[in-house]
Amino acid sequence: PTNTNITNAQEMETIWTILPAIILVLIALPSLRILYLTDEINNPSFTIKSIGHQWYWTYEYTDYGGLIFNSYMLPPLFLNPGDLRLLEVDNWVVLPIEAPVRMMITSQDVLHSWTIPTLGLKMDAVPGRLNQTTFNAMRPGVYYGQCSEICGANHSFMPIVAELIP
């Protein structure tokens, strides 16, 4: 004997499935619009590509003839009085203030994270992916950061120093 009462609630189950899906779509559409509006890609006046390696960063000033340099942490023997241990590097990133700067961040080997907390910048560096962030700094100075991803045994020894100049 076949039970023919199985399909009695099929209409109600269809409504219970479709109605939440419609509600989720109605919530998602405005959220996606806001997400794309906050992705402010205003015409940057300066672009820098940062590539994470174990255990240093490579910077490319692509707007100025492809200037490329590596930035390694200074060992304690090379520190001057007043330098910050584990935060000083041999080559600083020099950026302009009061100008939109685009940072393009990637990695060559493992996950890294290009982070300067006082500027409110944190972007993951993923191998094979080019992430982008923009910022507009208003105060000159020297800003320190580090890789904030667990990217290997010496991940905390990947400091970042950015000098913002007028």
Side-chain angles (χ1 to χ4, degrees), residues 27-166:
I27 292 172
L29 290 178
S31 299
L32 285 173
R33 181 180 163 273
I34 291 171
L35 180 67
Y36 283 111
L37 285 176
T38 59
D39 189 22
E40 49 189 72
I41 307 298
N42 47 4
N43 192 10
S45 61
F46 208 73
T47 300
I48 295 178
K49 183 177 179 185
S50 177
I51 304 168
H53 306 272
Q54 286 188 345
W55 290 272
Y56 64 97
W57 293 97
T58 298
Y59 297 101
E60 297 180 12
Y61 287 76
T62 56
D63 297 336
Y64 296 95
L67 174 66
I68 300 172
F69 63 91
N70 294 327
S71 180
Y72 293 93
M73 182 182 72
L74 285 178
L77 295 175
F78 293 100
L79 292 176
N80 296 320
D83 286 347
L84 299 174
R85 183 178 165 270
L86 299 179
L87 286 178
E88 288 295 336
V89 296
D90 57 354
N91 293 313
W92 294 1
V93 179
V94 179
L95 303 170
I97 63 169
E98 299 178 0
V101 175
R102 174 175 42 204
M103 290 293 303
M104 298 169 57
I105 300 164
T106 188
S107 172
Q108 187 172 7
D109 44 23
V110 297
L111 292 176
H112 296 286
S113 187
W114 198 88
T115 306
I116 300 181
T118 51
L119 291 177
L121 293 173
K122 180 176 189 214
M123 182 61 64
D124 288 338
V126 181
R129 180 175 178 160
L130 191 63
N131 286 330
Q132 173 176 295
T133 185
T134 57
F135 68 96
N136 194 352
M138 302 309 272
R139 292 185 181 164
V142 178
Y143 296 89
Y144 293 90
Q146 282 182 311
C147 178
S148 59
E149 188 72 42
I150 301 175
C151 55
N154 294 324
H155 75 94
S156 60
F157 302 120
M158 290 182 61
I160 301 161
V161 180
E163 181 181 17
L164 298 172
I165 59 173

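Heavy-atom basis, side chains included; hydrogens, waters and symmetry copies ignored.
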What's the separation between atom [atom1] in [X] and atom [atom2] in [Y], rounded to the nearest 0.5 Å?
X: M138; Y: E98; atom1: CE; atom2: CD; answer: 5.0 Å
X: T62; Y: K49; atom1: OG1; atom2: NZ; answer: 9.0 Å
X: D124; Y: T106; atom1: CG; atom2: OG1; answer: 11.0 Å
X: L95; Y: E163; atom1: CG; atom2: CD; answer: 9.5 Å
X: F69; Y: Y61; atom1: CZ; atom2: OH; answer: 4.0 Å
X: T134; Y: L121; atom1: OG1; atom2: CG; answer: 9.0 Å

Handout entry: Pairs flagged by ring pair (Phe, Tyr, Trp, His ring centres under 6.0 Å) wherever residues 71-102 is involved - sequence neighbours left out
Key =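 Qualifying pairs: Y56-Y72.
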What residues form a side chain to side chain contact (heavy atoms under 4.5 Å, CB included) with [X], not counting sequence neighbours?
X: Q54; value: D109, V110, H112
X: T118; value: I116, Y143
X: R85; value: L79
X: S148; value: S113, T115, K122

Exercise for the section: Taking atom CD1 of I150 as the centre, report whether more than 12 heavy atoms of other residues, nucleotides or ligands fall under 6.0 Å from it. Expected result: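 No.
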Evaluate the side-chain proximity of [Y] to [X]: yes if any heavy-atom separation is below 4.5 Å, no if none is.
X: C147; Y: W55; value: no
X: L86; Y: P159; value: no
X: L111; Y: V126; value: yes
X: R139; Y: L164; value: no
X: P140; Y: I165; value: no
X: M103; Y: F135; value: yes
X: V161; Y: L84; value: no

Got a sec, which residues hit side-chain hydrogen bond (donor to acceptor under 3.5 Å, both in side chains) with [X], two or more places apart in sequence or on another chain?
X: W114; value: S50, Y59
X: S45; value: none
X: N70; value: T58
X: N131; value: R129

Practice task
Apply ring pair (Phe, Tyr, Trp, His ring centres under 6.0 Å) to F157 and list each qualifying residue two or more places apart in sequence or on a separate chain.
Solution key: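 Counting only residues at least two positions away or on another chain, F157 forms no ring pair (Phe, Tyr, Trp, His ring centres under 6.0 Å).
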Closest non-hydrogen atom pair between [X] and [Y], with its separation:
X: L87; Y: G145; result: CD2-O, 4.1 Å
X: I51; Y: H53; result: O-CD2, 3.5 Å
X: W57; Y: I160; result: NE1-CG1, 3.5 Å
X: I97; Y: P166; result: CG1-CA, 3.7 Å

Exercise for the section: Assess whether side-chain contact (heavy atoms from CB on, under 4.5 Å) is satisfied between M73 and E88, documenting all intermediate values. Expected result: CA-CA 6 Å; M73 182 182 72; E88 288 295 336; over 6 Å; no
Practice task
Give a yes or no answer on whether the side chain of S71 reaches the backbone of N91 with a donor-acceptor pair at less than 3.5 Å.
Solution key: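 Judged by distance alone, yes, a pair lies under 3.5 Å.
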